Amino acid sequence: PALTSPSTDVDTSGDLDYTKVHPAIYGGQPSVDETDLSTDYTGTISNLSTFVYKNGTEAAKTRAIICQICHHAIHDRFLDARDLLLMSHLQDNIYSCGDVTTMILFNRMMVNLGMCAFRKGRIHDAHQCLSEICSGRVRELLAQGVSAGRFNEKTADQEKAEKRRQVPYHQHINLDLLEACHLISAMLLEVPNMAALVDDSGNTRRNRIVSRTFRKFLDQYSHQVFTGPPEQTRDYVMRASKALMSGDWKTCVDLVSKLDVWNLVPGDGAADQIGEMLTEKIKVEGLRTYLFAFSAQYDSLSLSQLCGMFDMSKNEVHSVVSKMMINRELYASWDQPTETIVLRKVEPTSLQVMALQYAEKAAALVEANERLLDAQNGNYGYDGDRDGDRRRFDGPSHYRGGGQDRRDGGYNRRDNRPGRDNRPGRDNRSGRDNRSGR
């Protein structure tokens with residue numbers, strides 16, 4: 001029993017008057033059985049899953065492996081969960097289950113896996129796991145609420161079935177914590193990417209967009225007439241992003257690492273650990289953003305100056321800058337005797353300039369077609385989920401096998417469904433002629 005000894009503050013000699021006090025107060029102080037602390041729950045889950053794999057149906061096997069992956073993710077064993085997900089090819093076979101509850105369980109598993117990756121400091125993996133779910137209608141996809149949209153055309157039976165699929169409140173995933181993990185991981189990836197798109201003359205080049213959702217929120221925040229003090233989690237992240245883009249990494253750390261949602265992360269000192277991890281990540285990405293944005297203004301940079309600006313050691317700065325040089329993100333070289341970075345001005349050739357112009361015009365043409373289709377369907381700008389709910393139940397592109405062309409945010413997807421016109425020069429999704437940019 002949980003209550004093993006009577007309470008010393010209550011007189012239990014007389015009759016128990018349950019109208020004045022709760023009956024549990026006469027049971028004593030709560031205690032935990034010592035045998036529960038020594039139980040190997042990981043081994044128990046593994047043995048039960050193995051039994052289901054051998055004797056269960058296909059639906060039971062799918063749900064068992066999802067639960068096992070989720071168990072690893074909850075206990076911060078990201079590598080084990082990721083390897084099990086990749087080896088099972090669950091992200092490729094989730095369509096064949098035909099069960100909405102299993103797809104909801106898959107969505108919840110992906111969210112837990114992404115939050116586990118974020119807690120472990122694996123920002124890219126966290127963004128890949130969370131971007132698919134967090135780009136819209138999170139409550140429905142996690143079975144934590146029903147939609148009440150103006151264009152909702154569900155029947156009464158469908159609404160009842162959706163309400164029956166809702167998970168209990170004590171199993172809900174905090175949406176503020178989920179949004180914080182998603183937007184911060186997108187910020188750490190997208191802000192340096194946006195800084196790298198500006199060339200030496202100040203013009204913005206078109207390139208791969210890491211997170212359309214983050215750019216939409218950032219554009220909305222930037223176009224506000226009056227920007228007050230941040231109130232919601234999204235406001236804090238957007239203000240931190242503006243600070244990071246200007247090189248003020250200390251303000252970014254203060255805004256991001258002191259969010260109240262980190263207190264919801266289980267574990268002793270988990271909030272402090274997340275704050276330390278974010279501080280290190282923001283320093284690195286702040287250095288990369290600074291070099292992308294202002295390297296054209298310098299002929300050389302001192303290593304000690306960069307160390308002082310970003311509060312990093314020489315080895316850390318040397319590692320970050322050298323990696324940028326190797327990846328051709330920064331055209332520079334080291335002057336080892338003086339510990340300086342000699343920056344080089346690289347001008348594109350005429351052929352490269354023409355190729356860039358051609359690529360920009362082609363991208364503008366594709367984007368115009370996409371926005372025209374969005375206007376017809378009632379979606380406006382930065383909408384990445386044009387395949388309906390089917391995409392929501394798919395794993396991230398980083399963990400998914402072949403069979404779908406999803407490069408550059410879905411611009412190169414091809415629709416080969418029956419009844420579509422797949423002739424050259426035709427837009428396979430709407431049947432429009434896209435040869436003239438319409």
Side-chain angles (χ1 to χ4, degrees), residues 62-63 65-95 102-144 167 171-190 193 208-214 217 233 237 261-262 264-266 270 274 277-278 281 285 384-385 387 389-401 404 406-407 409-410:
T62 301
R63 296 180 67 88
I65 197 168
I66 291 176
C67 292
Q68 189 175 7
I69 294 171
C70 189
H71 180 262
H72 285 308
I74 291 174
H75 292 84
D76 290 341
R77 295 187 292 268
F78 173 76
L79 295 179
D80 296 336
R82 182 198 63 181
D83 294 343
L84 188 59
L85 175 63
L86 294 177
M87 289 188 296
S88 64
H89 296 284
L90 187 62
Q91 65 278 9
D92 299 329
N93 304 323
I94 191 65
Y95 299 131
T102 303
M103 295 181 181
I104 292 174
L105 189 62
F106 176 82
N107 288 338
R108 298 178 66 85
M109 178 269 294
M110 292 301 303
V111 166
N112 280 295
L113 184 62
M115 297 174 68
C116 172
F118 184 85
R119 292 192 299 268
K120 303 298 288 185
R122 306 177 70 95
I123 302 300
H124 184 267
D125 293 327
H127 180 262
Q128 290 289 336
C129 293
L130 298 177
S131 60
E132 299 286 339
I133 307 297
C134 296
S135 55
R137 299 195 300 141
V138 183
R139 295 181 182 272
E140 289 186 40
L141 299 173
L142 300 180
Q144 296 182 185
V167 299
Q171 296 182 1
H172 280 198
I173 298 173
N174 189 272
L175 298 183
D176 286 338
L177 179 60
L178 176 61
E179 185 181 33
C181 295
H182 171 241
L183 291 181
I184 291 175
S185 60
M187 176 191 71
L188 295 175
L189 296 174
E190 187 66 70
N193 183 53
R208 182 178 60 91
I209 298 177
V210 177
S211 176
R212 294 183 176 276
T213 304
F214 175 81
F217 292 152
T233 302
V237 178
V261 294
W262 304 135
L264 302 175
V265 179
I274 291 178
M277 180 270 295
L278 289 177
K281 296 291 183 181
E285 300 304 328
D385 52 344
D387 290 337
D389 294 340
R390 184 173 181 266
R391 179 185 173 190
R392 298 296 186 186
F393 300 122
D394 193 2
S397 57
H398 179 65
Y399 298 113
R400 183 170 49 247
Q404 292 180 337
R406 301 170 60 90
R407 297 186 297 271

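These numbers come from a predicted model, not from an experiment. Only heavy atoms go into these numbers, but all of them, side chains included; no hydrogens, no water, no symmetry mates.
The two residues Met109 and Cys70 come nearest to each other via the heavy atoms CG-N, 4.0 Å. The two residues Leu178 and Leu130 come nearest to each other via the heavy atoms CD1-CD2, 3.6 Å. Nearest heavy atom pair, residue Leu141 against residue Ile133, reads CD1-O, 3.8 Å. Taking all atoms of both residues into account, the shortest heavy-atom contact from Ala126 to Gly114 is CB-O, 3.4 Å.
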Requested in this report: Would you sort out whether Cys134 and Glu179 count as a side chain to side chain contact (heavy atoms under 4.5 Å, CB included), showing the intermediate values?
Outcome: CA-CA 7 Å; Cys134 296; Glu179 185 181 33; over 6 Å; no
Requested in this report: Kindly determine whether Leu188 and His124 satisfy side chain to side chain contact (heavy atoms under 4.5 Å, CB included), including the steps that lead there.
Outcome: CA-CA 9 Å; Leu188 295 175; His124 184 267; over 6 Å; no
Query raised in the report: side chain to side chain contact (heavy atoms under 4.5 Å, CB included) between Leu175 and Leu142: does it pass, once the steps are laid out?
Result: CA-CA 10 Å; Leu175 298 183; Leu142 300 180; 4.2 Å; yes
Query raised in the report: Between Ile209 and Arg212, is a side chain to side chain contact (heavy atoms under 4.5 Å, CB included) present by the stated rule, with each step listed?
Result: CA-CA 7 Å; Ile209 298 177; Arg212 294 183 176 276; 3.8 Å; yes
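With hydrogens and angles disregarded, a donor-acceptor distance shorter than 3.5 Å links the side chain of Lys281 to the backbone of Gly121.
The side-chain heavy atoms of Glu140 and Asn107, taken from C-beta on, include no pair separated by under 4.5 Å. Side-chain contact between Leu278 and Phe118 is present, with heavy atoms from C-beta onward closer than 4.5 Å. The side-chain heavy atoms of Cys67 and Leu105, taken from C-beta on, include a pair separated by under 4.5 Å.
Checked against Ile66 for a side chain to side chain contact (heavy atoms under 4.5 Å, CB included), the options Leu85, Thr102, Leu84 give a single hit: Thr102.
Asn193 and Glu190 share a side-chain donor-acceptor pair at under 3.5 Å. Under 3.5 Å, the side chains of Arg77 and His71 contain a donor-acceptor pair of N or O atoms.
Here Met110 contributes atom CE and Met115 contributes atom CE; the two are 13.5 Å apart, rounded to the nearest 0.5 Å. Of the inter-residue distances, the one linking Thr233 atom OG1 with Leu177 atom CG reads 9.0 Å to the nearest 0.5 angstrom. The CD1 atom of Ile184 sits 12.0 Å away from atom CG of Leu189, with the distance rounded to the nearest 0.5 Å. Taken from CG in Leu86 to CD1 in Ile69, the straight-line distance is 9.0 Å, to the nearest 0.5 Å. One distance of note links CZ of Phe78 with NE2 of His72; it measures 13.0 Å at 0.5 Å rounding. For the atom pair CG (Leu183) and OG (Ser131), the distance works out to 11.5 Å, reported to the nearest 0.5 Å.
Remark: Asp176 pairs with no residue by the salt bridge (charged side-chain N to carboxylate O under 4.0 Å, His left out) rule, at least two apart or across chains. Every residue two or more places apart in sequence or in another chain that forms a side-chain hydrogen bond (donor to acceptor under 3.5 Å, both in side chains) with Gln144 is listed here: Arg108.
The pair Asp76-Arg119 meets the salt-bridge criterion, since a charged nitrogen lies less than 4.0 angstrom from a carboxylate oxygen.
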